[in-house]
There are 2 protein chains.
Amino acid sequence: MVKPIAVRSLHNQVIQELGRLIVSGELEAGKGLPREELLAERMNVSRTALREAMKVLSAKGLIESRQKTGTRVREAIYWNQLDADVLAWRCASMPTESFVEKLVEMREIIEPAAAAAAARRRTPEQLAVIKAAYDAMDASETLDAWAEADLAFHESMLQATNNELMTSLFSVIETALGTYFVLSASNSANFKLALPQHLKVYEAIRRRQPEVARQAMVKMVDDSRNNIRRHQANNKQASNKASAS
Amino acid sequence: MVKPIAVRSLHNQVIQELGRLIVSGELEAGKGLPREELLAERMNVSRTALREAMKVLSAKGLIESRQKTGTRVREAIYWNQLDADVLAWRCASMPTESFVEKLVEMREIIEPAAAAAAARRRTPEQLAVIKAAYDAMDASETLDAWAEADLAFHESMLQATNNELMTSLFSVIETALGTYFVLSASNSANFKLALPQHLKVYEAIRRRQPEVARQAMVKMVDDSRNNIRRHQANNKQASNKASAS
DNA sequence: GCGATGAATTTGTAGTATAAATTACATCCA
DNA sequence: TGGATGTAATTTATACTACAAATTCATCGC
């Protein structure tokens, strides 16, 4: 799991608040923000804290500041879409079907390749970490426990590729799985359906069979995509009924 | 091309300087930095500017600050490896063979999938942008002109996938191509060898043939990888001769 | 009409003061 | 002696003020 590095500090709160506002679209692109003094006052923080937050948002590509002109929200094209915060903000505000589709597409591309690479290059220690995650999935008795172990499984697999660029894509996988868990929660009857798929991937990595690992992972993501479609259809049906009654 | 947003501001300079020091390993992980007051004095900036820079580095995962304990460099595992700055810093200091290999592996995974997606979903306008980039490559007469057009080609293809998560991976592609251009510069006789490969990819995208586009892109990246290996071998040989004489 | 010039506005940088957090030490009690 | 507990010291976090730099915009002069 990724560290939820406490959000208690003031400028972190400001980062979260402004970031969410921008990504959700409540602060339209191109439009300028109030000048620092006003904005700071309005948010009840000092200009110092506000500026530290703005620098971070600027580094994420969300805003741009120029003297005299002021600070304005940048077009979404310039956002660091792979940044963990940006992904989380998008998820918090618009888990639209199209966004979920994009996340799944990324999984389809990344994870089979990662599984193959892990099968080729994993060390015994890395294999043990994957195994531990699998065992935790097997032993899990709640959806939360499953979710945590599942994330650990996918993260440890990415780490076993021994390519840190690949590992950094975990933020995307994490977000994708996150939305999936949320959908699954609606009818969380048997959340351990995907266990055999994970075993196949693990076994292929253990036996150093890249192509077998790739194919097993393709199937896993495919199943996941189908499940998402079913869930979304169900939810839509349910909400239609609800609004009709 | 990505905007080189002027680096003139003071805190940007500090970000670049500290970022480079950390990523190059000159500031060892785990080791603590001098406390803010001292560090600011040593770098001839105010504590204000230094702190704004540190917040950004912290957002990139390079450092971590705690009261009383001070600020320390984090392990490389926690760095945002996909961040454009981090990639650039790595490249500036250690374009080692292993790093180049990792970049190439990322291209092998991302670009064929992106070519296929672009072939499926590109709009006529997006196709025109790709075509324009191809024409610029065709017309280029210097390595620099080629490099610029080549980057534009790959970026426009990523944009044509209409998946902004995919598009954001351009920072990786850009870095990979960048190191390739540097290597090519050593014997830049015929830098337009890859032109036919690009034509094939473009044509497949135009004709909406995902699998053809994927295969053409696989070949392109493959050729690129082989060229890199040849260049590196040549360079090594050359430097061996030089040190022997 | 047009160019130059200067005033106004907003971010950028500096410096100081104080709050909050956390470590490390010392002290006290059993 | 051992352990807990409180207190001091250190470092980052926040606030506030003042001024510098850049850039826009209007005004003035021709």
Side-chain angles (χ1 to χ4, degrees), chain A residues 3-19 21-22 27-75 78 85, chain B residues 3-19 21-22 27-75 78 85:
Chain A
K3 69 293 131 163
I5 282 191
V7 191
R8 52 179 168 282
S9 76
L10 217 1
H11 52 251
N12 269 321
Q13 282 177 243
V14 175
I15 291 172
Q16 296 297 322
E17 193 169 335
L18 285 180
L21 280 174
I22 292 172
L27 287 178
E28 206 171 345
K31 272 298 171 189
L33 272 57
R35 66 174 213 270
E36 295 179 346
E37 203 180 350
L38 283 181
L39 190 52
E41 188 184 13
R42 203 172 298 178
M43 301 187 77
N44 286 312
V45 296
S46 69
R47 213 188 130 200
T48 310
L50 175 67
R51 277 183 58 83
E52 288 178 358
M54 303 243 284
K55 288 299 147 201
V56 173
L57 293 175
S58 171
K60 293 184 192 298
L62 299 192
I63 61 177
E64 193 179 26
S65 297
R66 286 175 56 188
Q67 285 174 179
K68 168 69 183 177
T69 313
T71 302
R72 49 172 209 165
V73 178
R74 299 185 77 188
E75 305 278 342
Y78 298 107
D85 284 330
Chain B
K3 71 289 129 164
I5 283 192
V7 191
R8 52 181 168 280
S9 75
L10 251 194
H11 52 251
N12 269 321
Q13 282 176 244
V14 175
I15 290 171
Q16 296 297 323
E17 194 169 335
L18 285 179
L21 281 174
I22 292 171
L27 288 178
E28 205 170 345
K31 272 298 171 188
L33 272 58
R35 66 174 213 270
E36 295 179 345
E37 202 179 351
L38 283 181
L39 190 53
E41 188 183 14
R42 201 173 299 178
M43 302 186 77
N44 285 313
V45 297
S46 69
R47 215 188 128 199
T48 310
L50 175 67
R51 276 183 59 82
E52 286 178 359
M54 303 242 284
K55 287 299 147 203
V56 172
L57 293 175
S58 171
K60 293 184 193 298
L62 299 192
I63 60 177
E64 193 178 26
S65 296
R66 286 175 56 187
Q67 286 173 181
K68 168 70 183 178
T69 313
T71 303
R72 50 172 209 167
V73 177
R74 300 184 76 189
E75 306 278 342
Y78 298 107
D85 283 330

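Keep in mind the model is a prediction, meaning the values are calculated, not measured. Chain naming here is simple, since letters A, B, ... match the order of the sequence lines and numbering starts at 1 in each.
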Inset, instruction - Please find the earliest and latest nucleotides of DNA chain D, in the 5' to 3' direction, that have an atom within less than 4.0 Å of any heavy atom of chain A. - result: D/dT14 to D/dT24
Inset, instruction - Identify, between A/Lys68 and B/Glu37, the residue whose nearest nucleotide on DNA chain D lies closer to the 5' end. - result: B/Glu37
Inset, instruction - Using the test salt bridge (charged side-chain N to carboxylate O under 4.0 Å, His left out), find all partners of B/Lys55 that sit at least two apart in sequence or belong to another chain. - result: none
Inset, instruction - Please tell me if the side chains of A/Leu62 and A/Val73 come closer than 4.5 Å, counting only heavy atoms from C-beta onward. - result: no
Legend entry - First and last nucleotide of DNA chain C, 5' to 3', lying under 4.0 Å from heavy atoms of chain B: C/dT13 to C/dT23
Inset, instruction - Mind running a 4.0 Å heavy-atom check of residues 46-54 of chain A against DNA chain D and sending the residues that fall below it, in number order? - result: A/Ser46, A/Arg47, A/Thr48, A/Ala49
Inset, instruction - State, yes or no, whether a side-chain contact exists between B/Leu10 and B/Gln13 at a heavy-atom distance under 4.5 Å. - result: yes
Legend entry - Residue whose nearest DNA chain C nucleotide is more 5′ - B/Val45 or A/Pro34: A/Pro34
Inset, instruction - Could you list all the side chain to side chain donor-acceptor pair (under 3.5 Å) pairs where at least one residue sits in residues 38-48 of chain A, not counting sequence neighbours? - result: A/Glu36-A/Arg47
Legend entry - Residue pair A/Leu57 / A/Val14, side-chain heavy-atom distance below 4.5 Å: no
Legend entry - Any residue meeting side chain to side chain donor-acceptor pair (under 3.5 Å) with A/Arg66, in chain and number order, not counting sequence neighbours: none
Legend entry - Heavy-atom closest contact (B/Thr71 atom, B/Ser65 atom, distance): OG1-OG, 2.8 Å
Legend entry - Within-4.5 Å side-chain heavy-atom neighbours: A/Val56 and A/Lys60: yes
Inset, instruction - Decide yes or no for B/Asp85 and B/Gln16: does some side-chain heavy atom of the first lie under 4.5 Å from some side-chain heavy atom of the second? - result: yes
Legend entry - Rounded distance (nearest 0.5 Å) linking atom CG of A/Leu27 with atom CG of A/Leu21: 5.0 Å
